Every structure is written in C-alpha cells, then in structure tokens.
There are 2 protein chains.
Amino acid sequence: MSSIFSFFFLLIITTFIAASQNYVLEKFGNDTTELIRYITKGDGAGLAYQWLSTLVDGFGHRMVGSDSLEEAIDFLAKSLEEDDFDDVHTEEVPNLPNWVREDDNVEIIEPRHQRLNVLALGGCEPANITGEVVVIRDLDDSKFINVSGKIVVTAQQFKGYPQTVKYRQSVKLFESLGAIGVLIKSVTSFSINSPHTGSGAEGARIPAASLTIEQADMIDRMFQNGEKIVIRMNMKSHSENHTTTSRNLIFQITGEKFPSEVVLLSAHLDSWDVGQGAMDDGGGCAAVWSALYSLKQLAKKNAAFKPKRTIRGIFWTSEEQGFLGAKHYYNTHKNDTNETFYFVSETDTGAFRPVNWFSHLSFSGDQQHMKRLDEIVHLLNRNGILLGLMNNPSQGDVRFWAKDGIPSVNYIPDKAIDYYFYFHHTGGDYITIFKDGDLEYTASIFAVLGHIIANMDNWGPT
Amino acid sequence: MSSIFSFFFLLIITTFIAASQNYVLEKFGNDTTELIRYITKGDGAGLAYQWLSTLVDGFGHRMVGSDSLEEAIDFLAKSLEEDDFDDVHTEEVPNLPNWVREDDNVEIIEPRHQRLNVLALGGCEPANITGEVVVIRDLDDSKFINVSGKIVVTAQQFKGYPQTVKYRQSVKLFESLGAIGVLIKSVTSFSINSPHTGSGAEGARIPAASLTIEQADMIDRMFQNGEKIVIRMNMKSHSENHTTTSRNLIFQITGEKFPSEVVLLSAHLDSWDVGQGAMDDGGGCAAVWSALYSLKQLAKKNAAFKPKRTIRGIFWTSEEQGFLGAKHYYNTHKNDTNETFYFVSETDTGAFRPVNWFSHLSFSGDQQHMKRLDEIVHLLNRNGILLGLMNNPSQGDVRFWAKDGIPSVNYIPDKAIDYYFYFHHTGGDYITIFKDGDLEYTASIFAVLGHIIANMDNWGPT
C-alpha cells in the first residue's frame with residue numbers, strides 16, 4: 001500500500017444521517033444482517049482463512065517475475081472457475097520490472113566486526129563497496145551534512161508510514177549528493193530484528209538496503225559518540241536483462257438487470273519476495289473472494305442476493321512496483337464503451353477486523369455518493385461493525401478511476417495505522433498475523449458494499 | 001532466565017502491613033524518596049542506559065567462549081575500578097561448554113522448496129539429514145504418534161514460558177523415540193519472523209533447531225492437510241574440542257559496620273550469540289550497577305547512604321548454560337567462614353519499569369524476612385512503584401543460596417509475563433527494547449532493597 005493517511009487527522013468523520021437513510025435501512029437492513037451473519041458466524045466463517053492458507057502455504061510469496069506468482073494465478077483462475085464465477089479470465093501485463101534478490105552481505109568493518117541484517121531495496125544492483133558511515137536523522141539535515149564519498153545510514157523517527165516512507169525513497173537524493181551507498185532504517189515503529197524491503201533503489205547506481213531499527217539506532221548511537229564506522233556492502237541482487245510479464249485475474253457475478261454497470265472489489269495478488277505475502281495483500285484477495293463467494297452462495301436460496309449490476313473482483317498484479325497491474329488494466333479499458341464503473345474499491349492495508357473508531361473507509365468522490373456510502377456505513381455500524389467514513393484522495397490501485405471521479409473506497413482498519421507496519425514487507429508477513437474474525441469482518445464490509453451498491457436505486461450517475 | 005512463574009497464579013499477593021511498618025517508614029522513608037528521585041529524575045537518570053549502550057554497542061553479544069564476553073569483562077572490571085568500587089575482581093569459572101554457531105541451513109524439499117529461518121539450539125552438533133516430517137502439537141501425543149525415522153516439528157501452543165519451554169528441552173526425548181532431527185516451534189507468543197535459540201540439544205546425537213512460529217504453524221497446517229513434507233537439515237554448528245573458561249565479575253561497597261554481612265544484587269553478563277544480549281541480561285547488569293553507583297554518589301553528600309553491611313554486585317557468567325557461573329561461585333565460597341550472605345537477589349526477566357500489579361518480587365525465604373520485605377515493598381509503593389511480593393522457589397542464579405534458606409528475591413516486571421519473550425534469545429535482543437524509565441525504575445527497586453537491608457536493625461538472623 002502507499003500513502004493513505006495523508007490528511008488523516010485533518011479530516012473528520014462524517015456523521016450526518018441522510019434523509020434517505022430509511023430507504024437503505026428498509027431495503028437492505030435484513031439482507032445486510034443475513035450477509036454478515038453468514039460470513040462471520042454461518043457457513044461462510046473460516047472459508048476465507050482456508051482459501052488464503054491454500055494460497056500462501058501452497059505457493060509462498062508471489063514476487064513479480066517469480067514462478068510462484070504465475071503458478072498461483074493459474075491455480076486461482078482454475079479455482080474461481082470451479083466456484084462457478086462468471087467471465088473468469090486473466091489479462092496480461094507486459095514490460096514489468098524483473099528484479100531478483102540474491103545473498104547480499106552488509107557488515108560493519110570498524111570499530112568491530114558485525115554482520116548486519118539487511119534486505120536490499122527493490123531495484124538495487126550489484127556492488128561491492130566499503131566506506132565510512134554518515135548518519136542522517138532527518139532528511140532536512142542532508143543539506144548541511146556532507147555525505148560525499150560516504151555510506152549514508154538513516155536513523156529517522158517513525159512518524160507514521162506516509163510521513164516516513166520518503167526515507168526509503170531517498171536513495172537517488174543521496175546519490176545526487178555523492179553518497180556511495182545507502183542503508184535505510186526500516187519504516188516501522190516496532191521490530192524484532194526485522195528488516196523491511198520495498199521499492200526505492202530503482203534507477204539508482206549506488207547500492208541500497210534496509211536495516212533493522214535496532215541496528216540503525218545502534219549505528220546512530222556510535223556515530224553520535226564520534227566513533228568512526230566503516231561498512232562494507234557486498235550486494236548481489238540484480239535486475240534481469242529482460243522485463244517480465246504477469247497477469248491481472250478477473251472474475252465476477254454478472255448483473256441480472258444492468259450487467260454493464262460494474263461495482264469493483266479489488267486487492268493485489270503479487271507480493272514482495274519475503275514472507276508469504278499473506279497480509280500484503282493475500283488477505284485482501286481472500287476478503288474480496290469471500291465477499292463474492294458468499295453472495296453467490298446466498299443467492300442460491302434467496303434471489304435478493306442476485307445483483308442487478310455486475311459485481312467484479314480483480315486481483316491485481318505488480319502493485320508493489322507502483323500499481324502497474326491496475327494501471328495497465330485502466331489504460332486498456334478506459335475507452336471501453338460497453339461498460340461503466342459505478343464504484344471501485346480496494347483493500348490493501350490489512351484485512352483486519354475493525355475494533356475501534358480509527359477504522360474507516362477512505363473515500364474519494366462527490367458528496368452525493370459519500371452520502372449514499374454513509375448510509376451503508378451506518379447500516380454496518382448497526383450490525384456491530386466499527387467503521388467511519390473519511391474523505392481521502394489516496395486510493396491505491398483504484399486511484400486511476402478515482403481520479404476520473406468514480407466513487408472509490410479504500411478500507412483502512414485501525415490496525416493499519418501502526419500494527420500493519422510491524423510486518424509490512426518483512427519475512428514475518430505470514431497468515432499467522434490474522435486472528436479469528438479478521439478476514440470475515442473485512443469480507444463482510446465488502447460484501448455489504450457490493451451487494452447494496454449493485455442493487456440500490458438511488459446510487460446516482462457516475 | 002529459567003522457570004520462574006511456576007506457581008504464579010497459585011500464589012497470592014501478601015498484603016499484610018507489619019506492626020513494625022513504622023520503623024522502616026520512619027527510618028528509611030526519606031532516604032527511599034531521595035534515592036528514587038536521584039535515579040529516576042536526578043543526576044542518576046540516563047546513566048544506566050548510557051552504561052548499557054557502551055557495553056552492548058561496544059562489544060555486541062557475549063556468548064560463553066567468545067572473545068566479546070571476555071573483552072567485556074575486562075572492560076567492565078576497569079570501569080568498576082574507575083567508579084571506585086571496593087574489591088573489584090574477577091573469579092575464573094572453568095570447564096564451560098564451548099559451542100559455536102555456524103551457517104546452518106534447513107529447507108523444505110517437498111512439497112515445494114523453501115529455506116526456513118532457524119537457529120540451532122545450544123549443543124547441536126553437525127549433521128546433514130533429510131527426512132519426512134511428523135508434527136507434534138502436544139508432548140503427550142508423542143506416546144501415540146510414531147516419530148521413528150522422521151524429523152519432528154513441534155507446533156505447540158504457547159502457554160507461558162515455564163509451561164512451554166519443555167518443548168525446547170524435548171530433543172533427547174524425541175531422539176529416544178527414534179526421531180532423526182527436531183525443529184522446535186519458538187517459545188513465544190508473538191513473532192516477526194523471529195527464531196529463538198536456547199539450550200536444548202546438549203548431549204543429543206540428532207540435530208535440533210528452533211523455527212519461527214509462523215513457519216512451524218505453516219508446516220503444521222500442511223501436515224494436518226495430509227501433505228507429505230520433506231525437510232533437509234544441514235547443520236554445521238558444533239562444540240569445540242576443548243571446554244572454555246570465563247569469569248564472574250564482583251564489586252562492592254564494603255559495609256562500614258558489618259562488612260562480613262553481605263547483601264547481594266546480581267544479574268548475568270553472558271548472553272546467547274544473537275542480538276546484543278541487552279535485555280537478557282545486560283539490562284539487569286546495568287540496573288545492578290546503577291543501584292550501587294547511585295548509593296555511592298549519594299553517600300558523598302549524605303553519610304546515611306554509607307551502608308553498615310556490605311552491598312555486593314556480581315555479574316555472573318554462563319547463566320545461559322545452566323547458572324554455571326553462579327553455581328561455581330556458590331561452590332567455591334559456601335564454606336567461607338569470613339562472611340555471611342544476608343540477602344541475595346537477581347534480575348533476569350527484563351529490567352522493565354513496572355506499570356501494573358503483575359509486577360512483583362518473587363521471594364524465597366521464611367515468613368519473618370518476607371514480612372520485612374513487605375515493609376520495603378510498601379515503601380516502594382508509597383513512592384509510586386507498582387510492585388507486589390509473592391512466594392516462589394524459582395530464584396534463577398541465586399537459587400543455590402535460596403535453597404540454603406537465605407532470603408532471596410527475583411524481580412519479575414509485568415512485561416516478563418509475555419512481552420519479554422518476544423525478544424528472548426532472538427536477534428532482536430537490542431537495547432532498543434528499553435524505553436525511558438525502564439532501567440531507572442529497576443535500578444531504584446534494587447537500590448532501595450540494598451540500602452534498607454544493608455542498614456536496617458531488625459532484618460533478623462539468616
């Protein structure tokens with residue numbers, strides 16, 4: 001996920017109850033309760049976890065360029081066919097970065113030898129350099145501190161991900177100032193010897209890796225004490241000579257009445273090449289799958305769950321390289337005249353059960369649609385789901401549609417503020433992170449959004 | 001640290017206020033307030049952190065047999081001399097295990113390849129084996145599940161350290177049942193890709209290592225699904241051909257009136273060979289040092305802080321191999337007739353500030369001394385330090401004296417129940433774990449204990 005909370009504390013939870021509340025409540029109140037009960041307590045409970053476990057235990061992490069990603073896409077396409085979804089297919093996304101991690105070795109040479117626990121940043125190319133360390137605690141200081149010929153170690157405070165990720169993205173800045181290598185303190189508030197990878201070294205000619213916060217802070221203390229610190233970076237990770245191709249995976253429940261009006265639920269299937277990619281963003285895919293699957297199952301007994309509009313699920317590829325799968329899909333389809341997106345959404349900050357009022361839907365769109373969404377959120381609240389609604393232009397993979405004015409929602413659970421980043425892009429991104437109810441409640445939110453928006457009369461033109 | 005909480009929930013906090021409360025309060029009330037203020041808010045604040053940082057950043061982890069441990073002992077002996085403590089000296093501890101970690105490689109071969117994140121257990125010897133996995137969730141099941149010729153992966157629940165560490169100590173059990181290798185799910189409730197080492201493979205002829213909880217649980221899920229799992233363990237860690245020697249480090253403030261009556265504050269200086277050994281147990285050493293150092297500084301201006309009895313600090317070696325440093329000291333000195341231990345204590349479950357009433361002094365001894373300690377605890381409580389007092393025979397390094405009936409105390413902060421074990425024996429055991437006040441409040445507890453017991457009239461015979 002990318003910068004999401006930018007205006008977090010500037011915005012207020014919208015609490016107005018629309019005059020038309022009665023319509024949503026009266027028309028969808030019972031459906032909503034039935035849907036949430038089915039997913040969280042009924043036959044749907046546990047299915048998303050099982051689905052995710054099959055994916056992540058069976059294939060492991062799913063880096064763009066890896067066999068495991070393409071094998072997982074093949075497996076899921078078959079599985080979605082077996083679920084009897086409509087129009088299951090993949091669409092190729094060409095010309096993707098093809099970067100491969102190797103056995104990188106970074107060690108302190110002076111004042112005493114210690115191998116450091118690092119993860120190369122995406123795009124880092126082979127290098128074998130030795131240099132003296134200069135510590136940068138604040139990017140503003142890079143104007144005053146001479147980094148020329150040095151290895152920069154950053155030792156910034158964690159001030160939330162959106163305010164701190166710029167350090168991981170400062171490799172080319174330090175290169176332009178003459179640095180010969182960069183070690184970024186991992187972008188997190190908490191660590192158990194956990195380096196965090198991520199994009200950041202693409203296009204740089206100097207090597208760059210992330211350090212654990214423990215080791216970055218140790219080097220900072222030594223540096224502030226006036227010790228001379230010498231580090232060797234022997235990096236073997238590299239980009240392949242050729243780009244790679246991956247695929248977006250699309251499936252849907254075609255609308256009974258307005259099949260060309262599309263309600264989109266999405267998450268990304270690719271991951272970094274450490275851990276299992278279970279939290280980022282396998283869990284999002286599991287929630288999207290569970291939302292659509294649950295609607296399909298309920299529709300077998302209750303025709304009210306057959307949507308008037310089309311509810312589409314998409315598992316994007318290559319989110320981690322900069323939303324490249326979603327961007328390609330948008331560009332390929334933006335001039336399609338046979339269908340219209342009525343609503344787009346994604347979940348990519350952890351499919352956690354909301355447990356307090358920091359949880360919210362981050363919304364981009366006009367006031368009319370925000371009003372409709374507020375009615376739906378109110379209905380979720382009535383069913384015990386803690387959730388607010390906030391304006392925020394950051395929409396991750398669905399940003400391309402949001403920029404066109406399509407109503408767009410990004411689910412931000414309370415755990416996305418801090419806890420999510422304990423595991424983000426680490427070897428610890430395993431399904432173990434999810435506890436009872438996490439996937440179910442996330443799926444419930446999207447199932448309810450999909451069901452109501454695909455069936456409501458007064459959503460309004462988009 | 002070892003099993004400490006064994007009777008935790010069976011015991012009750014003693015809350016009686018002794019009739020003699022007035023004596024402790026009247027005689028030591030002002031001293032106690034002055035001492036705590038000096039350490040937490042006065043000139044003493046920050047010194048323990050600085051001391052610990054110099055130790056752990058300067059020398060890194062301090063495994064028995066390593067140069068870094070012996071260099072750290074030399075450095076601290078010199079530093080304690082410079083602090084002007086009395087009788088600073090080291091005492092050799094011979095015939096210690098001499099085990100060295102190498103680059104061990106454990107990987108899943110089937111159903112798909114994945115390198116696992118492991119730490120060999122102490123005593124593990126070289127081996128290169130490949131075998132099918134059998135998962136043991138509960139030690140009781142090992143009676144019914146055939147492990148012969150297999151690699152055992154444990155997937156136990158974490159039920160607190162004292163109830164769960166037996167899994168790490170079950171290598172020889174599984175060997176006796178015919179297992180060819182053992183992978184123990186790390187003994188913790190929380191992990192970010194964090195394997196935990198520890199003793200466990202000493203004397204076993206089969207290889208043994210710890211797995212992260214994430215990967216152990218993944219293998220468990222695969223196993224429960226009926227998948228055939230094959231693992232290769234290529235272990236190179238080994239014991240050297242010769243044993244090694246290390247040293248306990250002793251320093252004191254000699255008593256003005258009863259120098260042969262000794263009040264002991266202790267912690268262990270050795271660590272496992274991962275992380276910095278900052279929490280286990282560098283922080284304990286820093287707290288003991290700060291307690292004695294603060295009393296020395298205050299005594300320069302206020303003679304009340306010159307102790308009547310001797311307050312001795314000892315930094316044990318080789319705790320991690322089974323309290324071997326303390327045991328050797330005990331055996332060497334148990335027949336000494338020139339001095340008597342009046343009170344012994346240790347801190348080895350994290351030098352954390354107590355923040356709720358789970359924090360307590362774990363006490364072994366008779367009712368009379370427990371009554372005196374309760375008065376001191378009450379005085380600490382009056383100064384805002386949350387602390388209880390409980391009977392518990394588990395006394396870590398000072399168990400040898402406790403078994404002889406010497407009043408003994410082991411400090412258990414609330415964070416020792418769970419949080420401590422996030423980092424215990426991992427690469428994440430860095431000074432970063434300690435926050436403002438942690439070392440200061442731990443030092444305050446021991447400074448007050450040392451000061452009052454070394455000066456009170458009615459401690460009673462031991």
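FYI, side chains are in, hydrogens and waters are out, and symmetry mates aren't considered; it's all heavy atoms of this structure. Chain naming here is simple, since letters A, B, ... match the order of the sequence lines and numbering starts at 1 in each. Computed from a predicted model, the values in this text were never measured in an experiment.
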Test item: Thr426(A) side-chain N/O and His196(A) main-chain N/O as donor-acceptor pair under 3.5 Å: no
Backbone N/O of Gly277(A) and side chain of Arg62(A): donor-acceptor pair under 3.5 Å: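 Checked: pair present.
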Within 6.0 Å of CD in Gln157(B), more than 12 heavy atoms from elsewhere: no
Intermediate values then yes/no, side-chain hydrogen bond (donor to acceptor under 3.5 Å, both in side chains), Glu320(B) and Ser271(B): CA-CA 7 Å; Glu320(B) 297 294 2; Ser271(B) 73; over 6 Å; no
Rounded distance (nearest 0.5 Å) linking atom NE2 of His61(A) with atom CE of Met63(A): 9.0 Å
Separation of Asp414(B) CG from Arg353(B) CZ (nearest 0.5 Å):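 Answer for the CZ-CG pair, Arg353(B) versus Asp414(B), is 11.0 Å.
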Could you list which of [range] have a heavy atom closer than 4.5 Å to any heavy atom of chain B, in residue-number order?
range	answer
residues 212-230 of chain A	Glu214(A), Gln215(A), Asp217(A), Met218(A), Arg221(A), Met222(A)
residues 105-114 of chain A	Arg112(A), Gln114(A)
residues 428-440 of chain A	Gly428(A), Tyr430(A), Ile431(A), Thr432(A)

Among Asp280(B), Thr197(B), Thr188(B), side-chain hydrogen bond (donor to acceptor under 3.5 Å, both in side chains) partner for His425(B):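 Per the side-chain hydrogen bond (donor to acceptor under 3.5 Å, both in side chains) rule, the option paired with His425(B) is Asp280(B), out of Asp280(B), Thr197(B), Thr188(B).
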For Trp99(A), all residues meeting ring pair (Phe, Tyr, Trp, His ring centres under 6.0 Å), sequence neighbours excluded: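 With neighbours one apart ignored, the set is empty.
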Ring geometry between Phe190(A) and Tyr422(B) (parallel below 30°, tilted from 30 to 60°, perpendicular above 60°): perpendicular
Parallel, tilted or perpendicular, as decided by the 30° and 60° cut-offs, for the rings of Tyr420(A) and His424(A): tilted
Option in Ser194(A), Gly275(A), Ala278(A) with maximal non-hydrogen atom pairs under 4.5 Å from chain B: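 Highest number of heavy-atom pairs under 4.5 Å: Ser194(A).
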NZ/NE/NH1/NH2 to OD/OE distance under 4.0 Å, Asp138(B) and Lys159(B): no
Is any side-chain heavy atom of [X] less than 4.5 Å from a side-chain heavy atom of [Y]?
X	Y	result
Val355(A)	Lys415(A)	yes
Asn117(B)	Pro195(B)	yes
Phe352(A)	Tyr419(A)	yes

Heavy-atom contact with chain A under 4.5 Å, split by part of Val274(B): neither
Most chain A-contacting option - heavy-atom pairs closer than 4.5 Å, from Gly58(B), Ser191(B), Ser53(B), Ser68(B): Gly58(B)
